[in-house]
Amino acid sequence: QVQLVESGGGSVQAGGSLRLSCVASGPIWCMGWFRQTPGKEREGVAAIAGAGSSTDYADSVKGRFTISRESAGQTLYLEMNSLKSEDTAMYYCAARSIRVGRDCSVVADFSSWGQGTQVTVSS
């Protein structure tokens, strides 16, 4: 299994921006971002396939968040703009092997997870 390390979390005011980063121990076909608040189910935020061939976003973040990756395939980013208080959560980087399937979306099954980075948005 690959190892994932997130960074970039912090506290910002509503309307602000933040960029999260994730470094994987090896190239992965499908990578994504998920978030979770205590007492709530984990929510898929965004996903991106190899070489940026496709992207997928949760309706709640469309138009505000942008997922991207470096060509090498080991570094993932999540650019978050126009942040809202409801975006407050622990954000996790995730990976899905092409051996499992080529589907890469926020509802796909991801098997590798990072430790998470906290994002807090104050209003």
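A quick note: this is a predicted structure, and the numbers were derived from the prediction, not measured.
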[X] side chain near [Y] side chain, heavy-atom distance below 4.5 Å:
X	Y	answer
Trp33	Val61	no
Val45	Val106	no
Thr88	Thr37	no
Glu6	Tyr92	yes
Arg64	Lys84	yes
Met80	Tyr91	yes

Minimal non-hydrogen separation, [X] against [Y], with atom names:
X	Y	result
Arg69	Gly52	CD-N, 4.1 Å
Phe110	Ala47	CZ-CB, 4.2 Å
Ala89	Gln118	O-NE2, 3.4 Å

* **Interatomic distance, Met90 atom CE to Thr117 atom OG1 [nearest 0.5 angstrom]** => 7.5 Å
* Nearest-0.5 Å distance that lies between atom OG1 in Thr120 and atom CG in Leu83 -> 11.0 Å
Are [X] and [Y] connected, step by step, through hydrophobic side chains (Ile, Leu, Val, Met, Phe, Trp, Tyr) whose heavy atoms are closer than 4.5 Å?
X	Y	answer
Leu78	Val121	yes
Trp29	Met31	no
Ile48	Leu4	yes

Taking only distance into account, with no hydrogens and no angle test, what donor-acceptor pairs under 3.5 Å do side-chain atoms of residues 93-105 form with protein atoms, sequence neighbours excluded?
unit_1 : atom_1 : unit_2 : atom_2 : d
Arg96  : NE     : Asp103 : O      : 2.7
Arg96  : NH1    : Asp109 : O      : 2.8
Ser97  : OG     : Arg99  : N      : 3.1
Ser105 : OG     : Val107 : N      : 3.4

* Any side-chain donor-acceptor pair under 3.5 Å between Ser60 and Glu86? ->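 Checked: Ser60/Glu86 side chains show no N/O donor-acceptor pair below 3.5 Å.
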* Between Tyr77 and Glu70, is any side-chain donor less than 3.5 angstrom from a side-chain acceptor? ->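 Indeed, the side chains of Tyr77 and Glu70 share at least one donor-acceptor pair under 3.5 Å.
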* Asked: Just wondering, more than 12 heavy atoms not from Gln36 lying within 6.0 Å of its CD?
  -> yes
* Structure fact -> Those residues at least two apart in sequence (or on a different chain) that pass side-chain contact (heavy atoms from CB on, under 4.5 Å) with Lys62 are Tyr57, Asp59
Would you mind writing out the side-chain donor-acceptor pairs for residues 15-25 within the sub-3.5 Å range, not counting sequence neighbours?
unit_1 : atom_1 : unit_2 : atom_2 : d
Ser17  : OG     : Asn81  : OD1    : 2.9
Ser25  : OG     : Gln3   : N      : 2.9

